[in-house]
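The structure appears right after this line, and notes come after that.
Model, not experiment: these values are computed from the prediction.
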Amino acid sequence: MIKRLLLKFLATLVIIAFFIEIIPKKNKDIYLEKNLSVKKISQILKENNIISSKLLFMTFVKIFNLERKIKYGSYQLSFSLTTIPVIVRLVYGPKVIKITIPEGFTSEQIAERLYHNNVISDPVAFVMYVKSKNLEGFLFPETYFFYKGQAIEDIVSKMLKEFTNRFTDEFKKRAYQLKMSTYQVVILASIIEKEAKSFEEKQLVSAVFHNRLKKGWNLESCATVRYALKKFKGPLTYKDTKVDSKFNTYRYPGLPPQPICNPGLESIKAALYPAQTDAMFFFTQDNNTHIFSKYYTQHIKKQNSKNYEKNKN
């Protein structure tokens, strides 16, 4: 008789708990920092009235061996009598946010995109971290899944890991054949990324730059001038090309000191595998199709011809 009454009592408790769990409740924003102990997590949840018992929470976590499976980050949680739904949510992790980083984005543009999608709260801190680690150029353009409040270090690490996976041993061997370091390849690729769109033209632009580097000529890339001036729109003037900046390849020979953006795979390939051509000059009228020349006189003649056709039309 007593056993039957006890079973009925327990069944009643289960039913009550079930209905309490399914009743809609107000969510609270909870942020769990990295490497918090289960005890500290239970304390935070109890203080925010998310769980009914710290002991119950810690007991379930320990029984199912979930101590290392709880993920840090930002959550929206509501009260749970049994604590089980909360534990499941913490093990599953924060809600992911899909972010696509296009080829050629700078760290500033990446920070802005992450900020506007609520992944980070401080874009300046993101840029400062990237600059302090000298990682501009290595934040590989790709579609990622982040979550709100994710640590900047983890975001950068994920993008850097993607670069490491894409820059294969074959690429490293090819860079060695070209007598270039990985960093030099990325710098060149970042300029190519900003100068051309199609892979074929990227290879031709790369060839011109390689030819100029071999002869000790200045690269004379407008993309580096734009980076130096932060003038990313509108035409460049003759005065612009005289700006005193190490990034101005009209004034300073060789590669600029750092990448000017984060290049994609095609630009990296183009930097490593330039087209076979003796062209030394190129220009574009429409910011799309490029015209290449071996000699300066040909280069000027073609420019004048295109200017004439443009004015005529």
Would you confirm whether [X], through its side chain, and [Y], through its main-chain N or O, come within 3.5 Å as a donor-acceptor pair?
| X | Y | result |
| --- | --- | --- |
| Gln184 | Ser181 | yes |
| Asp29 | Ser74 | no |
| Arg212 | Met280 | yes |
| Arg113 | Thr100 | yes |
| Ser206 | Ala270 | yes |

Contact check, side chains of [X] and [Y], non-hydrogen atoms, under 4.5 Å:
| X | Y | value |
| --- | --- | --- |
| Gln258 | Tyr183 | yes |
| Val127 | Lys131 | yes |
| Pro102 | Pro141 | no |
| Glu142 | Lys158 | no |
| His210 | Leu178 | yes |
| Thr249 | Pro256 | yes |
| Leu160 | Lys133 | no |
| Phe140 | Leu265 | yes |

Considering non-hydrogen atoms only, spot the tightest contact between [X] and [Y] and give its length.
| X | Y | result |
| --- | --- | --- |
| Tyr250 | Cys222 | OH-SG, 3.4 Å |
| Asn248 | Asp240 | ND2-O, 4.3 Å |
| Leu139 | Asn262 | N-OD1, 3.0 Å |
| Ser80 | Val86 | CB-CG2, 3.6 Å |
| Glu193 | Gly104 | CG-CA, 3.6 Å |
| Pro123 | Ala111 | O-CB, 3.6 Å |

**Message:** Tell me whether Arg226 forms a cation-pi arrangement with Phe247, defined as NZ or CZ under 6.0 Å from the six-membered ring centre and within 45 degrees of its axis.
**Reply:**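 Relative to the ring axis of Phe247, which defines the angle, Arg226 lies outside at least one limit.
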
**Item:** Within 45° cone and under 6.0 Å: Lys230 NZ/CZ vs Tyr227 ring
**Value:**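 So Lys230 does make the cation-pi contact.
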
**Request:** Please test Glu162 against Arg166 for salt bridge (Lys or Arg N to Asp or Glu O under 4.0 Å), starting from the C-alpha separation and ending with a verdict.
**Result:** CA-CA 6 Å; Glu162 189 66 26; Arg166 299 300 190 96; 3.0 Å; yes

**Request:** Could you please spell out the steps behind the side-chain contact (heavy atoms from CB on, under 4.5 Å) verdict for Gln150 and Ile97?
**Result:** CA-CA 10 Å; Gln150 189 161 356; Ile97 303 170; over 6 Å; no

Flag if over 12 foreign heavy atoms under 6.0 Å of [atom1], [X]:
| X | atom1 | value |
| --- | --- | --- |
| Lys95 | NZ | no |
| Tyr144 | OH | yes |
| Gln276 | CD | no |
| Tyr31 | OH | yes |
| Tyr92 | OH | no |
| Glu33 | CD | no |
| Lys161 | NZ | no |

**Asked** Strictly under 6.0 Å, is that where the ring centroids of Phe209 and Phe282 end up?
**Response** yes

**Request:** List the steps, then state whether side-chain contact (heavy atoms from CB on, under 4.5 Å) holds for Ile99 with Val119.
**Result:** CA-CA 9 Å; Ile99 303 288; Val119 176; 4.1 Å; yes

**Request:** Check the angle between the aromatic planes of Phe167 and Phe171 and answer parallel, tilted or perpendicular using the 30° and 60° thresholds.
**Result:** perpendicular

[atom1]-[atom2] distance between [X] and [Y], expressed to the nearest 0.5 angstrom:
| X | Y | atom1 | atom2 | value |
| --- | --- | --- | --- | --- |
| Tyr129 | Ile155 | OH | CD1 | 10.5 Å |
| Glu108 | Thr106 | CD | OG1 | 4.5 Å |
| Thr83 | Met58 | OG1 | CE | 10.5 Å |
| Gln109 | Cys261 | CD | SG | 8.5 Å |
| Lys202 | Lys194 | NZ | NZ | 10.5 Å |
| Leu272 | Ser267 | CG | OG | 11.0 Å |

Would you say [X] and [Y] are hydrophobically clustered, going by side-chain heavy atoms of ILVMFWY under 4.5 Å?
| X | Y | answer |
| --- | --- | --- |
| Leu56 | Val91 | yes |
| Leu188 | Tyr252 | no |
| Val61 | Leu36 | yes |
| Ile41 | Ile63 | yes |
| Phe64 | Val88 | yes |

**Request:** Start with the C-alpha gap between Ile51 and Ile87, add the side-chain angles, then the distance that decides, and say whether side-chain contact (heavy atoms from CB on, under 4.5 Å) holds.
**Result:** CA-CA 10 Å; Ile51 57 175; Ile87 294 172; over 6 Å; no

**Asked** Could you walk me through whether Ser52 and Phe57 pass the side-chain contact (heavy atoms from CB on, under 4.5 Å) check?
**Response** CA-CA 8 Å; Ser52 58; Phe57 175 87; over 6 Å; no

**Prompt:** Would you say the side chains of Glu170 and Thr168 form a donor-acceptor pair under 3.5 Å?
**Reply:**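 No.
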
